[in-house]
Amino acid sequence: MTSTKISIIGAGAVGSTTAYALMLRNLAAEIVLVDIDQVRCEGEILDLSDALSFSRASKIKRGTIEDARESDIIVICAGKPQQPGQKREELLENNKKVITSIVNDLKPTNKHAIIIMVTNPVDLMTYYAQQTSDLPKNQVFGTGTFLDTQRIRGLVAKKLHIADQSAHAYALGEHGDTQFVAWSSATVAGKPIITFEGIDKKILDQFLQKTREKAQEIIKCKGATFFGIAACVSAICENIIYDRKYVLPLSTYLPEFGICMSMPVVLGKKGIEKIIDVPLNTEEHQLLQVSADKLKNIISL
Ligand SMILES: NC(=O)c1ccc[n+]([C@@H]2O[C@H](COP(=O)([O-])OP(=O)(O)OC[C@H]3O[C@@H](n4cnc5c(N)ncnc54)[C@H](O)[C@@H]3O)[C@@H](O)[C@H]2O)c1
């Protein structure tokens, strides 16, 4: 058990499921949930507290933004989620206001804290959070294409009858419609995935399409997505707490593009330690530029 304090701002479907995942992984001594809907927040606390005896977390409580300031890790998942058929960028106007106000209210933030952005459109929310926060950029990042990467790896692994963890492929760029997979450097045991029997360009394109559409597929069936992202956030927290330095695709500021989007990064207790300059072929470079141009255009509006 660590003595880590993790605050989750936004105790909706994503926030409460993240708290549950953190509890079951025994990652934090104290979990604080913050929400403007105090009744819902209290209900989530009461429900989660029933699971406390199965966890080594000592405390889960409802708190305020002021309580969150002193945390080691602050997860922000407040704001509107997508409705069926709605694009992530349609949430921009509302969620930008929510995020900038929350990050402003977090100041002065514990100077060692890490802020993990989850609210969509996550690349733009990460950018605005970095602009607003008093923390260095490497301590403020977004979940980006981590979940998409897990989805892609799952599809490849199923096709090749291997474990997901043995499929080394990254979804990169925007967490949205312009994301792409760096197939040219995707391997299993160093062997390019494209060279495996039963895999061709058409199948890889289908994997990408399925990944891009998966959130909407889930939202159409049950109204929201939360288990996958909660598992991703808890894995990110574990990396930070134990200074694991795993390489994960996260949304971070890329100076050459002037925006935040996903590239593989080394993650440790101080946040993002290094951005990996993943080798891309000409087509993938163009796709990364397409993601960057889309995000840049939105920011400059
Ligand atoms: N990055 C990803 O991969 C990913 C995956 C799933 C969902 N999301 C995003 O996470 C966000 C939350 O989704 P959800 O399903 O939990 O939504 P939800 O509606 O269930 O919960 C959102 C919560 O935010 C709270 N809130 C709003 N403004 C607030 C403020 N100023 N301060 C504190 N709390 C505030 C609301 O009261 C609500 O309880 C959405 O933007 C969604 O698109 C991101």
Does the side chain of [X] pick up a donor-acceptor pair with the side chain of [Y] at under 3.5 Å?
X	Y	value
Asp123	Ser251	yes
Asn104	Lys107	yes
Arg212	Gln179	no
His112	Asp72	no
Glu213	Gln209	yes
Asp134	Thr109	yes

For this session: Kindly give the cluster partners of Ile162, where membership spreads through any ILVMFWY side chain lying under 4.5 Å from a current member.
Result: Ile152, Leu155, Val156, Leu160, Val181, Trp183, Val188, Ile193, Ile194, Phe196, Ile199, Ile203, Leu204, Phe207, Leu208

Exercise. Got a sec, which hydrophobics cluster with Leu46, joining ILVMFWY side chains under 4.5 Å apart, including via others?
Worked result: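 Taking Ile, Leu, Val, Met, Phe, Trp and Tyr as members, Leu46 stands alone, with no cluster partners.
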
Are more than 12 heavy atoms, taken from residues, nucleotides or ligands other than [X], located less than 6.0 Å from that residue's [atom1] atom?
X	atom1	answer
Lys210	NZ	no
Glu256	CD	yes
Lys222	NZ	yes
Asp200	CG	yes
Lys191	NZ	yes

Once you round to the nearest 0.5 Å, how far does [atom1] of [X] lie from [atom2] of [Y]?
X	Y	atom1	atom2	answer
Arg62	Leu48	CZ	CG	13.5 Å
Lys274	Thr252	NZ	OG1	14.0 Å
Ile114	Asn239	CD1	CG	11.0 Å
Ile115	Ser71	CD1	OG	10.0 Å
Gln130	Asn138	CD	CG	9.0 Å
Gln150	Thr145	CD	OG1	10.0 Å

If you define the side chain from C-beta out and look only at heavy atoms, does anything of [X] sit under 4.5 Å from [Y]?
X	Y	answer
Asp47	Tyr20	no
Ile272	Val266	no
Val34	Asp67	no
Ile73	Ser7	no
Phe180	Val290	no
Thr225	Ile219	yes
Leu288	Phe257	yes
Met117	Tyr128	no

In terms of hydrophobic clustering (I, L, V, M, F, W, Y; side-chain heavy atoms under 4.5 Å; direct or indirect links), are [X] and [Y] co-clustered?
X	Y	answer
Val118	Leu248	yes
Ile9	Ile36	no
Leu91	Met261	no

Within the distance-only criterion (no hydrogens, no angle test), does the side chain of [X] pair as donor or acceptor with the backbone N or O of [Y] below 3.5 angstrom?
X	Y	answer
Gln289	Gln286	no
Arg69	Asp105	yes
Gln139	Pro136	no
Arg153	Gln165	no

Problem set entry | side chain to side chain contact (heavy atoms under 4.5 Å, CB included) between Phe54 and Met23, intermediate numbers included | CA-CA 8 Å; Phe54 298 97; Met23 280 171 72; over 6 Å; no

For this session: Please assess Val98 against Met125 for the test side chain to side chain contact (heavy atoms under 4.5 Å, CB included), listing each intermediate value before the final yes or no.
Result: CA-CA 10 Å; Val98 171; Met125 294 305 113; over 6 Å; no

Taking all heavy atoms of [X] and all of [Y], pick out the closest pair and write down the distance.
X	Y	value
Leu267	Phe141	CD1-CZ, 3.6 Å
Glu174	Ser291	N-OG, 3.0 Å
Met263	Ile276	CE-O, 4.0 Å
Asp35	Gly12	OD2-N, 3.9 Å
Glu273	Lys269	OE2-N, 4.2 Å
Gly198	Lys159	O-CE, 3.3 Å

Exercise. Can you list the steps and then say if Val103 with Ile76 is a side chain to side chain contact (heavy atoms under 4.5 Å, CB included)?
Worked result: CA-CA 9 Å; Val103 178; Ile76 304 185; 3.9 Å; yes

Exercise. Yes or no on salt bridge (charged side-chain N to carboxylate O under 4.0 Å, His left out) for Lys294 and Glu89, after CA distance, side-chain angles and deciding distance?
Worked result: CA-CA 10 Å; Lys294 174 180 170 185; Glu89 50 268 35; 3.1 Å; yes

For this session: Any chance you could lay out the salt bridge (charged side-chain N to carboxylate O under 4.0 Å, His left out) test for Glu70 and Lys5, step after step, and finish with the verdict?
Result: CA-CA 8 Å; Glu70 282 310 310; Lys5 173 175 171 178; over 6 Å; no

Problem set entry | Non-neighbouring partners of Asp177 that pass side-chain hydrogen bond (donor to acceptor under 3.5 Å, both in side chains), sequence neighbours left out | Lys87

Problem set entry | Step-by-step side chain to side chain contact (heavy atoms under 4.5 Å, CB included) determination, His175 to Asp148 | CA-CA 8 Å; His175 172 59; Asp148 310 288; 2.8 Å; yes

